[in-house]
Amino acid sequence: MSSAPLEQSRTHPPVPRPRTGSPALDGVGSRLTEVIPAPVSVRPTPGVRYLLTAGTTIRTSDDPAALAVGEHLADLLRPATGHPLPVATLAADDTPPADTVTLLLEPATEPAPATEPDGGYRLDVTAEQVVIRAATATGLFYGVQTLRQLLPAEIESTTVAPGPWEVPGGQIVDAPRFAYRGAMLDVSRHFFEMPDVLRFVDQLARYKLNHLHLHLTDDQGWRIAIASWPRLAEIGGATEVDGGTGGYYTQADYRTIVEYAAARRITVVPEIDLPGHTNAALSAYGELAPDGVAPAPYTGTEVGFSSVAVASERTYDFVDDVLGELAALTPGPYLHIGGDEAFKLDATDYGTVMNRVQRIVAAKSKTVVGWHQLAPAEHVPGRVLQYWGTTTSDENVASAVRQGARVIMSPGNRTYLDMKYTDATTLGQDWAGLIDVRTAYDWDPGTYLDGVPAESVLGVEAPLWTETIRTVAEIEFMTYPRLVAVAELAWSPATTHDWDNFRLRLAAHSPRWTHANIHFHPSPEIPWPPTQ
Ligand code: ACM
């Protein structure tokens, strides 16, 4: 299928940077105050900078997870610098050699991980060295993502660039606001091959997002191989919206995604959408359909017309087998069971099927996540509702929260990455509204929904539905820069929230995206640097 042109998408040629000059002139110092998501605190040391050179080494605490983060840092920096950047561990009493980037696991580092969420770190840059301290390897990983942003934009280049590789002096102390910071990719409406998903994971990692929600099944395609029900993927995965050839992940592909994500501190949240959005499954196994007859494959974009047979025990065998295999493949705590737009079922039948599905998830020792229409189903401990409504109150959600449910905030008119930016956007939909950058950024997940206090907000997720999205370039055009705005809402303290400041920081990031070959929407709300 050919890719639609990305209207107005642009890439910058490399932005020339003076080789010498004061921090104020060459922008080195300002990089410290341009970090996204905004850190808890930033203290520049004016006039001081660390120069990363061919002689720089990376040292980590003597711990396999810390060492892995050190290797990740070297992998990020070697292509553009061309420097060897050898990585080694330090014995407990060693002092790092001069000219070193050191990653230290120090349990007492503030902000400590004893206070959830995990991921705090401290980063100190002097003329002699860079030191990142954290109580966990996750914190070190986030410190590394920050360090990446302190280097010139050319650090994102996949080929050797001249540098100089200057890091502004100062200190950053940082920790995440919410535990769940995510994005969703719909691989059902259009299928995306495993390497495309890995690239999406990289986009999440650079802005400290830590959950990848994969919408694996829907009316148009079943995308994960299930050994006990092989026709789900073989038949249910054979097409997609507009009749393309579709596809599915083997269990080995899925494991590769899980491992690649885990190395980037990202938890995969797999979704099997039930009881509606199931035409692909029904087309593979007619016995699951209410009338026992397999429907034709579906390649359109309507919603709400399919349902599994609520009264048939085969339905629950199917759910148990599928969720059992998925639970075994998924080290993360969550199984997402959909629950949205089940228009074919009345409330009683909906409750019957979803109460049983929730209990099946609990029996697999996993935590239920569902779209917020799941709220009226019975409370199971720890369950999480994903709010995708377009209003700021929902009594069913508030009531579930009073019983202990937690909420992932994905308001459709704020976070849906498939909504058009403006009327002129050729890709995407507009049923939840037009979402340009300010709309995506200017709200507070902790106070947004009536009856859902910040303590009940597990986090924030931006879903990308793909009815109109076919290529990686299109994914990135819809994702950038809105996902970056959502990442800041999910990570940064509410006290840092400031649209006028955010739009300047965001503008400063566009050369990074260009060097990384990331397409983005050049929103007129943002003062992008000249492309010259
Ligand atoms: C949804 O957008 N149907 C969750």
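Predicted model only: the values in this text are computed from it and were never measured.
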Answer yes or no: is there a donor N or O on one side and an acceptor on the other, between the side chain of [X] and the main chain of [Y], under 3.5 Å?
X      : Y      : value
Glu525 : Arg438 : yes
Trp528 : Pro511 : no
Arg265 : Phe141 : no
Lys208 : Pro176 : no
Thr415 : Ser410 : yes
His497 : Phe502 : no
Arg31  : Leu150 : yes
Asp62  : Thr89  : no
Ser510 : Leu506 : no
Glu154 : Ala80  : no

Side chains of [X] and [Y]: does their closest heavy-atom pair fall under 4.5 Å?
X      : Y      : value
Ile155 : Arg512 : yes
Leu214 : Val197 : yes
Arg383 : Leu374 : yes
Pro527 : Leu504 : yes
Arg78  : Asp75  : yes
Thr60  : Val69  : no
Val87  : Leu73  : no
His336 : Met184 : no

So which atom in [X] and which in [Y] form the shortest heavy-atom distance, rounded to 0.1 Å?
X      : Y      : result
Thr496 : Pro39  : CG2-O, 3.9 Å
Gly428 : Met478 : CA-CE, 3.9 Å
Val258 : Pro331 : CG1-CD, 3.4 Å
Gln149 : Arg206 : NE2-O, 3.7 Å
Ile435 : Arg482 : O-NH1, 2.9 Å
Asp124 : Arg122 : OD2-NE, 3.2 Å

Arg43 atom CZ, neighbour heavy-atom count above 12 within 6.0 Å:
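It does not: Arg43 CZ has 12 such atoms or fewer within range.
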Kindly compute the distance separating [atom1] ([X]) from [atom2] ([Y]), expressed to the nearest 0.5 Å.
X      : Y      : atom1 : atom2 : result
Ile58  : Leu85  : CD1   : CG    : 5.0 Å
Thr479 : Ile518 : OG1   : CD1   : 9.5 Å
Thr146 : Ile36  : OG1   : CD1   : 11.0 Å
His190 : Ile469 : NE2   : CD1   : 9.0 Å
Ser61  : Leu90  : OG    : CG    : 7.0 Å
Tyr249 : Leu329 : OH    : CG    : 14.0 Å

Any idea how [X] and [Y] line up, ring-wise: parallel (<30°), tilted (30 to 60°), or perpendicular (>60°)?
X      : Y      : value
Trp388 : Tyr416 : parallel
Trp465 : His215 : perpendicular
Trp499 : Tyr441 : tilted
His213 : Trp371 : tilted

Of Leu449, Val486, Leu458, the one forming a side chain to side chain contact (heavy atoms under 4.5 Å, CB included) with Met409 is Leu449
Tested for side chain to side chain contact (heavy atoms under 4.5 Å, CB included) against Trp165, the lone hit among Thr81, Leu77, Thr56 is Thr81
Report the C-alpha separation of Thr256 and Asp253 in whole Å, then their side-chain angles, then the decisive distance to 0.1 Å, and conclude whether the side chain to side chain donor-acceptor pair (under 3.5 Å) test is met.
CA-CA 5 Å; Thr256 299; Asp253 290 337; 5.5 Å; no
Chi angles and distances behind the side chain to side chain contact (heavy atoms under 4.5 Å, CB included) call for Leu483, Leu209:
CA-CA 9 Å; Leu483 185 63; Leu209 295 167; 3.7 Å; yes
Go through the steps to decide whether Asp444 and Arg177 satisfy the test salt bridge (charged side-chain N to carboxylate O under 4.0 Å, His left out), and finish with yes or no.
CA-CA 12 Å; Asp444 180 354; Arg177 179 181 181 193; 3.0 Å; yes
Give the intermediate values and the outcome of side chain to side chain contact (heavy atoms under 4.5 Å, CB included) for residues Arg59 and Val131.
CA-CA 9 Å; Arg59 293 286 179 272; Val131 184; over 6 Å; no
Regarding Asp498 and Arg505, does a basic nitrogen lie under 4.0 Å from an acidic carboxylate oxygen?
no
Classify the side-chain pair Tyr421/Asp436 by whether it contains a donor and acceptor separated by less than 3.5 Å.
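Side chains of Tyr421 and Asp436: no pair found under 3.5 Å.
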Ring pair (Phe, Tyr, Trp, His ring centres under 6.0 Å), paired with Trp491, selected from Tyr207, Tyr180, Tyr142:
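Testing Trp491 for a ring pair (Phe, Tyr, Trp, His ring centres under 6.0 Å) against Tyr207, Tyr180, Tyr142 leaves exactly one candidate, Tyr142.
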Would Leu52 and His83 count as a side chain to side chain contact (heavy atoms under 4.5 Å, CB included) here? Give the steps.
CA-CA 9 Å; Leu52 192 129; His83 297 332; 4.0 Å; yes
Hey, would you say the [X] and [Y] ring centroids sit under 6.0 Å apart?
X      : Y      : result
Trp513 : His519 : no
Phe200 : Tyr260 : no
His372 : Tyr387 : yes

Between Leu212 and Val201, does a side chain to side chain contact (heavy atoms under 4.5 Å, CB included) hold up when you go through it step by step?
CA-CA 7 Å; Leu212 170 68; Val201 167; 3.8 Å; yes
Could you give me the CA-CA distance, side-chain angles and deciding distance for Arg49 and Glu166, then say whether salt bridge (charged side-chain N to carboxylate O under 4.0 Å, His left out) is met?
CA-CA 6 Å; Arg49 61 187 66 184; Glu166 293 175 312; 2.9 Å; yes
